[in-house]
Amino acid sequence: GSDTVEEVTEEAAEVVDEAMAETELTFALVAPSASDDVAFTQSMVDSLGRLGIEPQITDGTFVVEEAAAAIRGYAEDGVNVIVVHGTQYGGSLAEIAPDFPETSFIWGTATDTQGLDNVFAYYPEADQGGYVNGLIAGNLADGATIGVVGPVEAGDAVAYIEGFALGAAAAGSDTSIVYTGSFSDVALATTTAQAHVDNGVAALTGTSQSAVGAASIASANDLPWFGTQSNTEPWASDLTVASQVYHWDVVLADMIEMIEGGTLGGEAMQITLENGGLVMEFNDGFELDADLKAAADEAIAGIIAGDIATK
Amino acid sequence: MEHTPLLSMHNITKTFPGVLANDDVSFDVRNGEVHTLLGENGAGKSTLMKILFGLYKPDSGEIRLRGEVASITSPTSAIEQRVGMVHQHFMLVPTLTVAENVALGLTSSRGFRTDLDVVSDRITEISEQYGLSVDPEIDVWKLSVGERQRVEIIKALYRDAELLVLDEPTAVLTPQEVADLFVILRQMTDAGTGIIFISHKLHEVLELSDRITVLRNGRVTGHTTPAETSRQQLADMMVGREVKLAPDKPHVDLGLARLRLRNLSVKGDRGTMAVVDADLDVHAGEIVGIAGVSGNGQRELAETVAGLRPAEAGSSVSIDDVDLTTATPARTRAAGLSYVPEERMKDGAVGEFQVSENLLLINHAEARFRRGPLFDFAKIRDHCQELVDQFSVKTPSLATPTSSLSGGNIQKLIMARELESKPSVILAAQPTRGVDIGAAEYIHSQLVEQRNEGVAILMISEDLDEILGLADRIAVMFEGRIVKVVDRENATKEELGLAMAGAEVDA
Amino acid sequence: MKRLLGASVPLGAALLAFMFGAIMILFLGEDPIAGLRAIIDGAFGTGDRLAATAVRATPLLLVGAGITIAFRASVINIGGEGQIIAGALLSTAVALWIPGTPKVLLIPLVILAGLVGGGIWGAIPGALKAYASVNEILSTIMLNIVAIQLMNYLLRGPMIDPIEVGTSRIPQTQRLTDNAALPTLIDGSRLHLGVPIAILAAVLVYIMLFRTPLGFRLRAVGHNPDAARAAGISVEKNIVSALGMSGALSGLAGVVLVFGSESLRLVTDGGSAGFTGSAGFNGIVAALFGGLHPLWTIPSSFLFGSLLTGATELQRALQIPNALAIALNGLIVLFVVSSDRVRAWLDRRLDKSMRPGDAA
Amino acid sequence: MSEFFTISVLAATLGTAIRFAVPYLLAALGETIGQRSGVLNLGVDGTMLLGGFGAYYAVLKTDSHSLGILVGLGVGLLMGVVYAYVTVFLDAKQGISGIGIYLFGLGFSDLLFQELVGTPLPIRPLPTLDKLPVVGGLFEPLVEIEVIGPLLFDHNLLTYLAFLLVPAVTWLLMKTTFGMNVRAVGENPQAADSLGVSVAKTRFIAILMGSTLAGVAGATLSMQLAIFQHNLTNGIGFIAVALVYFGAWRPRWVMAGALLYGLVTATRIRWQSLGIIPQGASDVAAMAPAIITILALVLLASRVRGPAALTKPFSRH
Ligand SMILES: Nc1ncnc2c1ncn2[C@@H]1O[C@H](COP(=O)(O)OP(=O)(O)OP(=O)(O)O)[C@@H](O)[C@H]1O
Ligand SMILES: Nc1ncnc2c1ncn2[C@@H]1O[C@H](COP(=O)(O)OP(=O)(O)OP(=O)(O)O)[C@@H](O)[C@H]1O
Ligand SMILES: [Mg+2]
Ligand SMILES: [Mg+2]
């Protein structure tokens with residue numbers, strides 16, 4: 001993998017276009033938070049959109065039992081492909097999928113398909129973009145500490161944050177990490193960000209839908225903000241430096257191709273910087289030094305090449 | 001000469017679901033007189049007064065004030081027409097001060113802000129005029145019952161009442177407090193106020209009233225005056241049969257001391273010593289009466305014996321030689337105590353429970369009421385029916401919520417429950433307070449019967465007549481100490497009254 | 001006649017609330033009739049859905065039955081969420097610890113563990129109230145928070161699925177062995193043993209409350225602690241046991257949620273609602289709606305269960321946010337509690353018109 | 001640990017605690033008034049959510065914080081009217097009807113948010129004193145003062161309002177005729193009624209005041225966070241109700257409770273951010289405020305009795 005970032009992205013886009021040329025499959029999406037959460041769920045809605053797919057959506061179903069009912073309902077309705085966008089739905093899926101062998105289920109984030117051959121799984125190597133974000137932040141901070149607002153110390157949140165810390169360290173900056181203990185407690189995330197600011201941090205980042213509160217604090221205090229999962233520009237339009245965006249479409253396209261070829265599942269796929277599933281989106285509204293931009297691109301290339309360890 | 005009466009109520013009828021509380025009742029009150037309403041529990045006295053005060057709407061009938069037909073639709077309109085009422089259960093807010101209680105519902109001279117200093121000044125004026133000394137700044141919960149009564153009267157005087165209703169004002173007062181109250185009431189009638197007085201205590205009625213109207217089952221059964229009647233006659237009129245005012249007490253040989261109190265010291269709610277070094281034995285076959293003005297430690301003493309309140313170190317309480325100094329109520333009961341608490345609706349019965357459930361409150365866990373782990377309702381019903389019949393508890397059914405029984409009947413229910421357990425010691429506090437004469441007669445006879453069977457009875461009462469009528473020995477409490485113990489034969493009312501006022505201590 | 005009218009009043013109120021819901025659907029640009037149909041279809045449409053409704057109602061019923069005990073003893077238990085979690089954690093730990101145990105032994109064991117876990121989590125605020133005068137509203141809310149974080153900690157650390165450690169680090173336990181699954185009642189259906197267990201629990205609570213000395217004491221303490229104390233009943237012990245039993249039943253709900261779920265594992269999303277479906281809270285609604293009567297709590301839980309499953313279908317079919325269903329639940333509660341007054345008024349009217357001699 | 005015990009960090013922590021406490025305080029003060037009149041409103045959280053959404057939406061559309069407050073106020077008032085009507089005039093059980101209000105607020109605020117807004121866009125946050133238009137310049141030097149600055153002057157106007165409301169509510173309850181009626185009606189409604197105090201009217205107004213404050217609390221929350229989201233309050237309203245018990249129905253102690261809860265939370269965050277609480281113990285840290293609150297209650301629990309008529313509907317018969 002010595003391709004440049006642009007090349008990788010272009011390649012991916014081509015694959016996507018081919019796959020979606022004329023699909024007759026029907027799609028549904030079941031997701032835990034709102035479709036437009038500027039975080040986890042939106043990343044999937046946007047990815048499907050890039051593939052020209054407008055699925056039926058059941059969102060905001062953080063109650064697993066409700067999600068299970070929706071998944072089953074779509075399967076009964078004869079929907080061909082059901083995107084089950086939430087780790088916590090995996091158990092229900094293990095029960096439902098065997099009942100509908102004709103239906104393909106795409107489930108994430110997860111690293112395995114639970115041995116089911118009509119289930120695909122997907123997972124982000126979130127530490128990679130985390131590293132890039134951390135590196136930029138570290139350079140901007142110039143040795144000062146960077147504040148991190150985490151939700152629960154688990155899943156892609158912890159991967160992102162640990163990658164971020166490594167990147168920042170590589171640029172000579174410390175990170176101050178606080179996990180609030182909740183994915184949804186905006187008030188606590190905001191208060192945490194404010195405490196970071198009071199401690200004199202030079203930049204902020206955060207993940208999960210509760211991070212919106214932290215981004216608003218970055219905005220209010222003129223501090224650079226780094227996003228992940230979706231492009232978080234709407235949260236902090238002038239101050240978002242870069243966002244690691246989950247382009248699930250890359251793996252979705254492969255999966256759809258396989259489904260059309262008759263393989264309904266059985267494989268787990270990861271999105272990475274290399275395969276173009278993780279995309280660093282830089283905000284035009286934030287004037288990032290050319291040097292820094294170049295350093296970031298270099299890091300991306302280094303990660304893709306395997307020269308930089310992000311775990 | 002013919003005066004227009006201050007108040008006349010004509011042909012008042014009031015029904016509650018299933019109860020005819022007032023049936024075509026008529027009576028009148030003149031300025032400057034005390035008109036007494038007399039009747040058993042549930043005869044309809046309070047209902048009639050609540051109609052007068054705008055709390056209930058009569059089904060039919062007419063109220064005239066000063067000759068004019070009056071429309072009284074709410075307490076506010078009653079107050080506006082110069083009717084005042086001192087309710088059977090105090091209508092005071094304990095967490096408010098005296099002045100605040102008086103000021104409730106009045107318009108403040110300062111608009112939105114209260115004008116309690118103005119109110120306090122006026123209260124002081126009224127207090128001085130009638131000799132009703134009360135500190136206007138003090139929270140009502142800190143006041144004794146007698147003082148609360150005074151606040152109630154001040155409330156009415158403050159509103160310039162020309163007609164004052166007092167529903168059982170003396171039920172909870174000490175003899176001295178009653179005497180003081182009567183002085184005040186006389187002062188008021190002298191000033192032209194008309195007073196409606198309700199009481200179950202016949203000697204008070206005879207002492208205070210100008211005229212008397214007797215109610216039975218919602219109907220007026222007669223009008224009379226003290227000069228024309230006697231206690232016995234009044235009692236018979238109320239109950240509709242002959243009433244025995246004092247029970248017969250055969251001689252019983254004293255048995256062993258069953259309840260023993262030694263060096264009993266107890267702290268009160270406010271942390272000060274309420275009972276100090278009390279020594280007392282109650283023997284099998286005797287009734288020991290504790291006389292005293294309320295607030296002199298009787299309640300704390302009773303609660304400690306019942307296991308509800310801890311005693312101080314060095315004290316000792318025992319029943320039949322079982323030490324109960326630090327016992328819980330469950331253990332004191334297991335040791336043979338029956339307890340008839342002073343406040344029947346607070347400590348004696350669960351209002352929301354059915355009659356049968358309250359009858360079972362103490363012994364519900366006994367095997368005889370169960371089949372396996374579950375209640376045997378057939379057996380329970382039989383048992384409760386037997387108690388209700390035996391103690392003549394007047395109740396529509398065993399499933400009736402206890403709160404809807406009259407006070408007298410609730411008291412009988414509690415007695416039934418407490419005596420059923422074949423106790424060795426009975427502790428009865430104010431057993432006939434607010435209870436009508438028929439029911440009181442019955443309760444007294446039951447206590448005497450228990451005594452005759454060898455039960456040791458400790459009875460606390462503020463009613464000296466009750467004590468003198470029932471007790472074999474009398475102990476007087478004053479400021480937490482037992483200042484005097486005398487045999488009934490050697491006791492006189494005057495001497496006891498002096499002891500209750502602390503004369504012995506001073507001497 | 002009178003009873004019929006009495007029952008029809010809350011039904012009318014519920015209908016009125018539904019009309020409000022219909023208006024809201026109309027405002028969202030959808031067909032209210034289709035919406036109603038989706039709700040009914042989603043809740044009762046097929047055998048599977050009926051089963052899903054029953055399964056959804058089960059934790060509500062268990063929590064609700066527990067709530068009737070607590071409220072009858074005059075203690076307010078807002079700690080259902082935490083007690084569910086405590087029961088789920090302890091029972092899952094037991095199942096993880098002894099995976100090979102045969103089903104006939106394992107199921108009773110995990111049920112016991114759930115009862116104990118929830119019971120402890122309930123008894124703590126009970127003891128705090130009885131012996132330290134700590135208001136139970138506050139302590140139960142706080143203990144919910146503690147339970148959630150305890151779950152996060154355990155699922156992230158000691159109880160995490162070993163596969164997750166090096167990889168995606170999702171805070172969940174291993175999938176439990178199949179012999180830990182609550183047996184289903186009808187093959188191929190989701191109707192599992194939890195449903196009859198919950199109904200049985202409600203009946204037992206009824207019997208306990210109204211036919212045993214224990215229930216008698218709890219109610220006496222609830223109505224009048226002073227009189228109960230004077231009669232020799234320990235107020236403190238009964239407060240602890242009321243909250244303990246209430247918590248135990250919530251803990252049992254936790255067992256049903258884990259061992260009756262398709263996932264057969266405990267997963268956390270950092271909060272409680274994802275796992276409990278807010279049963280700790282909705283159970284209170286179901287119990288109050290059932291007049292704090294354990295038996296009436298059965299249909300009441302079923303009603304709320306059907307609203308919850310119906311709402312999922314409403315969202316799926318018409319793409320109407322399920323937030324509407326929550327708002328609708330609120331309205332139903334408001335309308336129905338308000339209808340008590342209407343019912344009382346009707347009763348009085350009937351009494352009057354039916355008493356013969358009253359005309360005079 | 002030593003880096004925590006520097007004056008400036010302590011002051012900043014205290015500053016965070018104060019900010020954090022404000023929505024709790026406003027809601028709890030409102031609930032105090034209602035409970036003093038004998039009405040328990042468990043719907044506070046729902047009212048906060050709707051008020052919070054209303055304010056957020058108003059600011060999003062008009063960028064006017066004053067309008068945001070007004071909307072929060074109006075929403076609170078409206079919810080109060082519903083709740084008061086249902087509990088006072090229809091005698092509905094307070095516990096359950098409060099939960100009805102909560103569920104309605106929870107669902108309806110989310111519905112409106114999803115339909116009208118969707119993506120959570122930040123709004124302009126409430127300005128701190130020094131950022132106020134016109135007079136801001138006057139405060140700028142004050143904020144700069146070491147320790148005192150961040151502690152006392154780095155807050156928005158609503159924060160000061162909330163704390164000013166503490167003596168104001170005390171005054172209302174203790175020194176006005178209305179407050180006296182509220183206390184009487186909450187303690188012994190029969191007595192108040194027998195003197196011509198309208199129990200219904202007094203409770204109605206008390207509920208309206210409480211609910212209005214809950215609406216303002218919600219507005220303060222969303223404007224302070226500069227964002228709205230599904231279930232933004234995350235149970236703040238319920239904790240506010242609990243704080244009333246904690247504070248034994250006295251505004252001062254209710255304030256102390258809100259501050260204590262804020263301080264424990266702020267300290268926990270600060271300790272995590274300073275690394276005093278190690279990585280990996282985040283959940284233990286997250287449960288600490290709850291445990292400490294319980295412990296504080298065990299130590300402080302007063303045997304103060306609440307209003308005797310709390311939760312009891314009143315009727316003459
Ligand atoms: N609110 C009510 N609802 C139903 N029945 C009532 C109500 N108030 C009184 N009653 C009934 O009306 C009858 C008369 O009661 P009332 O209170 O007038 O008696 P009373 O003469 O004051 O008795 P007491 O001497 O015990 O005070 C009783 O049978 C009582 O049960
Ligand atoms: N809702 C009710 N239903 C039936 N009876 C009632 C109701 N409310 C009160 N009563 C009855 O009305 C009568 C009068 O009540 P009141 O308030 O005057 O006190 P009381 O019970 O008479 O007190 P006491 O007997 O101690 O003097 C009582 O018999 C009481 O049981
Ligand atoms: Mg009476
Ligand atoms: Mg009476």
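Interface with chain A: from residues 44-57 of chain D, no residue qualifies, criterion being any non-hydrogen pair under 4.5 Å. Along residues 16-26 of chain D, the residues that come nearer than 4.5 angstrom to chain A, judged on non-hydrogen atoms, are Thr16(D), Arg19(D), Phe20(D) in order of number. By a heavy-atom distance cut of under 4.5 Å, Glu153(A) are the residues of residues 139-175 of chain A near chain D, going up by number. Heavy-atom proximity under 4.5 angstrom to chain D picks out Ala187(A), Leu188(A), Thr190(A), Thr191(A), Thr192(A), Gln194(A), Ala195(A), His196(A), Asp198(A), Asn199(A) from residues 187-207 of chain A.
The distance from atom CD of Gln114(D) to atom OG of Ser35(A), rounded to the nearest 0.5 Å, is 7.5 Å. Distance check: Ile236(D) CD1 to Asp185(A) CG gives 7.5 Å after rounding to the nearest 0.5 Å. Here the OG atom belonging to Ser210(A) is positioned 9.5 Å from the CG atom belonging to Asn234(D), to the nearest 0.5 angstrom.
Taking chain A as the reference chain and counting heavy-atom pairs below 4.5 Å, the highest number among Gln224(D), Gln229(D), Met287(D), Arg124(D) is found for Gln229(D). Each of Leu225(D), Ile123(D), Ile227(D) has some count of heavy-atom pairs under 4.5 Å with chain A, and the biggest count is that of Leu225(D). Note on Ala226(D), Ala286(D), Gly118(D): by heavy-atom pairs under 4.5 Å with chain A, the leading option is Gly118(D). Interface remark: of the candidates Gly181(A), Ser216(A), Ser219(A), Ser216(A) forms the most heavy-atom pairs closer than 4.5 Å to chain D.
For chain A, the nearby part of Pro125(D) is the side chain; its heavy atoms alone come within less than 4.5 Å. Neither the backbone nor the side chain of Thr13(D) has a heavy atom closer than 4.5 Å to any heavy atom of chain A. Contacts between Arg268(D) and chain A at a heavy-atom distance below 4.5 Å involve the side chain alone, from C-beta outward. Both the backbone and the side chain of Ser184(A) have a heavy atom closer than 4.5 Å to some heavy atom of chain D. No part of Ala11(D) comes within reach of chain A, as not one of its non-hydrogen atoms sits under 4.5 angstrom from that chain.
Judged by distance alone, the side chain of Ser176(A) and the main-chain N or O of Ser273(D) form a donor-acceptor pair under 3.5 Å.
What you find for Tyr179(A) and Ser282(D) is that their closest heavy atoms are CB-CB, 3.5 Å.
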